[in-house]
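Since the structure comes first, as structure tokens, the remarks are kept for the end.
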Amino acid sequence: MEKLLEKVYDYKEIENSLIQRFYSEDILPKFSFPAFSIVIPPPNVTGSLHMGHALNSTIQDFLIRYKLLKGYDSVWFIGTDHAGIATQTVVEKNLLRQGIKRSDISKQEFLQKVWEWKNEYGNIILEQFKRLGLYANISNSRFTMDKYYSVAVRKAFVELYNKGYVYKGKRVVNWCPRCLTSLSDLEVIHKTTKTKLYFVKYRFWDDDGYLVIATTRPETILADTAVAVNPNDERYSKYIGKRVLVPLVNRDVPIIASEDVDIEFGTGVLKITPAHDFNDYKIYQKNKNIGIVNIFNTKAELTLNEIEFNENLLKYNGLERFKLRENVVNDLEKFGLLEKVEDYSSNIGYCYRCDTIIEPYYSDQWFISMKELVKKPLELVEQEKIKFYPQSFKKVVIDWYNNIEDWCVSRQIVWGHRIPVFNCRACHNVWASEEDENRCLKCGSKDVFQEEDVLDTWFSSALWPFAVMYWPYSDFEKYRKCYYPTDVLTTAREIVFLWVSRMIVMSVFFLDEIPFKDVIIHAVILAPSGKRMSKSLGTGIDPLELIDKYGADAVRMGLIIQTAESQDVKFSIEKIEMARNFINKLWNAVRYLQLKKEKKVQNEFGDELVSLINNWLFDNLFDLTDNLDIFAKEYRFFDYSMSLYHFVWNVLCDWYIEYSKFFDYVQIEDAVNTVLRVVLLYLHPIAPFVTSYIYERMFGEDIIKQDVIKFMNYIKNKFVVDRTRSQYVQDFVDSVKEIRPFVNEILQLTFQDTVKIKIDFKNAEFPKDFEELFYSFTKTSRGYEPKSFMVKTKLGNIIIYIDEKSSDKYKELLSRKVAELKNNTQKIEKLLSNRDFIDKADKNVIKNYMENSKKLKEMIEINERILKEL
RNA sequence: GGGCGGAUAGCUCAGUGGUUAGAGCGCCUGCCUUACAAGCAGGAGGUCAUAGGUUCAAUUCCUAUUCCGCCCA
């Protein structure tokens, strides 16, 4: 049954042979208990696999596979997001390359083009995910605009609408003049930007005096409807009620009082442009009589209309906002209205998709009022019904809920879920409906039309955890029993508000239940320079290239061991190499053990020694697996990986396999097979390819079908560990490590093959065979008859007398050691003579110090004697 | 402006109220020892950012400062 591993670990071959099995149509929910479920954060259909996806998916796949091995019905719901603005932008650019402008074709034709694009390219990202070795069913993936999902979105919107949580209103919103759509607050990226502060004179209407106002956006002067000062500002309070002329426009506007005016900023006088500034809009809402003037069209070009017509503006008509700014500044200067210009840096909002500067824009939009909806989620997070890892995000989410603003959900684009609100031209009835309507519910008129806007992408993603389980169809109840709420959500920090907190809101509203129990917020992997990884900046590192070069297993493990906790890390290729080397090491260890079967050992050791060492091995193994289970439970993937790394490399390979070279295969076969099984099983969630491959080679079985819990119970009964006996072996290990530096130095000085020593096993229970092992492990040999020279190992029960070869080097080594020992002893003595310490410190701590002090003194004495006689 | 996190070896990062603070990479010495040179054995390298405080004891807890990063407005 067992097949020998190939000489060289060829990850490409292995990945090719297994990838279809991992990503297979046969992987279906079993609807059995215990169940475990995760929903993937759906990648954008426009996306390509980046480092964030790679880490995020690795974590999820780890959990899915770990639970699978633990006997769970472990299901991963995967799929993609239609990503409204992002996708539309990509398709627009595509068409432009073919010479087709968006404006050349109708909305319907364009929509058709987007669907064509989606059908052709929309699954690329899922195909790329494959390469990571994910265990999921690709044919079962969902899409936020597929047939069933669309039903869920409409149902959700209509229900919110009918319960009064949706309203339409004319508001100043974030507007992207390139994407030609509104954006939610969360889709705006604020960046400190160098700009200028213009000090502009506003003349009084009735005399020659003037006020100076500082503004970063002089072009919006044209839409000023008031000037405001803080009533507590002694400099200006006397002017409240007077009127000033808006420069260039010569519209006369009032000077109003507002507590919102920052006395410190600029001159302390604020111009009010309600239609093009958020703060000004707030002030306007409290002073509606000042009026609101919109001077821009959707592309942020100055556009006069009948209502807001002003002949002084005619010459600017059609100018784009920054061109307009130039013109306005020039004219202000020309008319002597510009007092000065200063350099300034201010926080400016940019579109998160296309990086265009956001224009606050006064327009009709749809909103969801959030204050009420957020109440229950807030409580649930506070009560830790949903737990965040790391915990600090609990507070972050709570703060966000507490300061929630209404959510602008309408987008003026084509690609998305059209808002299911219908209007009747005849009777002006407005209603929301899950079905397409062509007749007014109220008056029966056929003159009805649906809203043109589509919903924010994040509205549909907020429904993801239950929509992927076919809510609101009856099937959902079947899924709900096993898989809802889902167990854990893993995500990057940047979408905690955009997505995570809104999923909670929606799940609580529609199902009265949390969508997931745990939220893991993982690290952000930065470029090695510490900058963000970004394709456009050229700082991105392609995970697929890494997989090509190092193999998927190495990439997975390498990512995990460089991202402990959620602290951001600079990407280090060394960690990927470390993982690759580790897998290679494991491969070779297995291969060695397989080859060993064929070989006979010359002078094999007795079974007594073998059992002692096996006992030590299993002691370490059980210690390891106990820890691994804790680490997995606490999502400490770094600790999980590193403890496996150290067990395989520093326990199994460095020591056990070295011991095994003195044993015959039959003596260790049982232990070896068992330990390898356990290692492969526990490593499988990190490195699925190589472990599956080796497992099948060795045991002829599919690793994913194994039951770890059963197996562990079985072997814990079979190999009962004796801690005391295990300590003998550990003493041996420590003694070898202690003596090696001396031997190494001596050998290098004397060019001998071995150093002669004499070993004194103080502990009679040590098997005599250990002596032979010791010689071999330390490159020493029997035959030294000690006078008084020796080195005593520090912790162990073994005393080694070493042939001194009376060299200066040796003397130096010993003196250094003695000095070190003395130094430590002094520190401890000082502590022990401290009354406060004796009175207050923990008794065990004191005891340990005292014992150690004794040991140290003994060693100093011995080594000093040696030194004297050298 | 408000909030959060970080500063530990040359580099990337772990870790800890208590004896000698770790890993990988890099560096130095010696080894192709029949599983592995992607390896083996050994070594050098740290006032744990700075200043105070709490404590018998601080790299670890607290406060302030500096620098870096992130989030929100």
Problem set entry | Modelled atom types, side-chain donor and acceptor of A:Tyr693 and A:Arg697, under 3.5 Å |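 There is such a pair (donor and acceptor under 3.5 Å, judged by atom type) between the side chains of A:Tyr693 and A:Arg697.
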[atom1] atom, [N] versus [M]: distance in rounded Å?
{"N": "B:rC68", "M": "B:rA49", "atom1": "C1'", "value": "11 Å"}
{"N": "B:rG18", "M": "B:rU33", "atom1": "P", "value": "45 Å"}
{"N": "B:rU47", "M": "B:rA9", "atom1": "P", "value": "8 Å"}
{"N": "B:rU16", "M": "B:rU59", "atom1": "C1'", "value": "8 Å"}
{"N": "B:rA57", "M": "B:rG39", "atom1": "C1'", "value": "44 Å"}
{"N": "B:rU8", "M": "B:rA14", "atom1": "C1'", "value": "10 Å"}
{"N": "B:rU20", "M": "B:rC48", "atom1": "C1'", "value": "15 Å"}
{"N": "B:rG22", "M": "B:rG46", "atom1": "P", "value": "14 Å"}

Can you tell me how far [atom2] of [N] sits from [atom1] of [X], to the nearest Å?
{"X": "A:Ile828", "N": "B:rU20", "atom1": "CD1", "atom2": "C1'", "value": "10 Å"}
{"X": "A:Phe571", "N": "B:rG24", "atom1": "CZ", "atom2": "P", "value": "19 Å"}
{"X": "A:Ile560", "N": "B:rC13", "atom1": "CD1", "atom2": "P", "value": "17 Å"}
{"X": "A:Asp842", "N": "B:rG18", "atom1": "CG", "atom2": "C1'", "value": "9 Å"}

Problem set entry | side-chain hydrogen bond (donor to acceptor under 3.5 Å, both in side chains) partners of residues 641-659 of chain A, not counting sequence neighbours, each pair once |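 Applying side-chain hydrogen bond (donor to acceptor under 3.5 Å, both in side chains) to every pair that reaches into residues 641-659 of chain A, excluding sequence neighbours, yields A:Asn614-A:Tyr656, A:Asn650-A:Asp654, A:Glu658-A:Lys661.
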For this session: Tell me, yes or no, whether the heavy-atom count around A:Glu669 atom CD, taken from other residues, nucleotides or ligands under 6.0 Å, exceeds 12.
Result: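 Atom CD in A:Glu669 is packed in, count exceeds 12.
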For this session: Please check if atom NZ in A:Lys191 has more than 12 non-hydrogen atoms from other residues, nucleotides or ligands closer than 6.0 Å.
Result: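 Enclosed.
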Exercise. Nucleotide by nucleotide, 5' to 3', does protein get under 4.0 Å of the base (B), only the sugar-phosphate (S), or neither (-) in nucleotides 34-43 of chain B, counting heavy atoms?
Worked result: -BB-BSSBSS
For this session: Among A:Phe689, A:Phe699, A:Tyr9, A:Trp587, find the residue that satisfies the side-chain contact (heavy atoms from CB on, under 4.5 Å) test when tested with A:Ile694.
Result: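 Considering A:Phe689, A:Phe699, A:Tyr9, A:Trp587, a side-chain contact (heavy atoms from CB on, under 4.5 Å) with A:Ile694 is found only for A:Trp587.
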Exercise. Which one of A:Thr563, A:Leu559, A:Leu526 satisfies the side-chain contact (heavy atoms from CB on, under 4.5 Å) criterion with A:Phe571?
Worked result: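 The passing option is A:Leu559.
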Exercise. 5'-most contact on RNA chain B: A:Met642 or A:Leu526, nearest heavy atom basis?
Worked result: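 Here A:Met642 is the residue nearer the 5' end.
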Exercise. Quick one: on RNA chain B, does A:Ser853 or A:Phe638 contact a more 5' nucleotide (nearest heavy atom)?
Worked result: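 Counting from the 5' end, the first nearest nucleotide belongs to A:Phe638.
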For this session: Compare the minimum distances between each of B:rU20, B:rG18, B:rA23 and the side chain of A:His646, then state the nucleotide with the smallest one.
Result: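 It is B:rA23.
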For this session: Would you kindly check whether a donor in the side chain of A:Lys575 faces an acceptor in the base of B:rU12, or vice versa, at under 3.5 angstrom?
Result: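 A donor-acceptor contact between them is present.
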Seminar exercise, completed: Each base of RNA chain B marked ( ) or [ ] if paired in-strand (Watson-Crick or G-U under 3.5 Å), | if paired to another strand and . if unpaired gives (((((((..((((....[...)))).(((((.......))))).....(((((..]....)))))))))))).
Problem set entry | Short side-chain to backbone donor-acceptor contact, A:Asn584 and A:Arg580, under 3.5 Å |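 No.
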Problem set entry | A:Tyr11 side-chain N/O to A:Lys549 backbone N/O, donor-acceptor pair under 3.5 Å |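 Yes; at least one donor-acceptor contact below 3.5 Å.
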Exercise. For B:rU20, does either OP1 or OP2 sit under 4.0 Å from a side-chain N or O belonging to A:Asn824?
Worked result: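 Checking B:rU20 against A:Asn824, a side-chain N or O does come within under 4.0 Å of OP1 or OP2.
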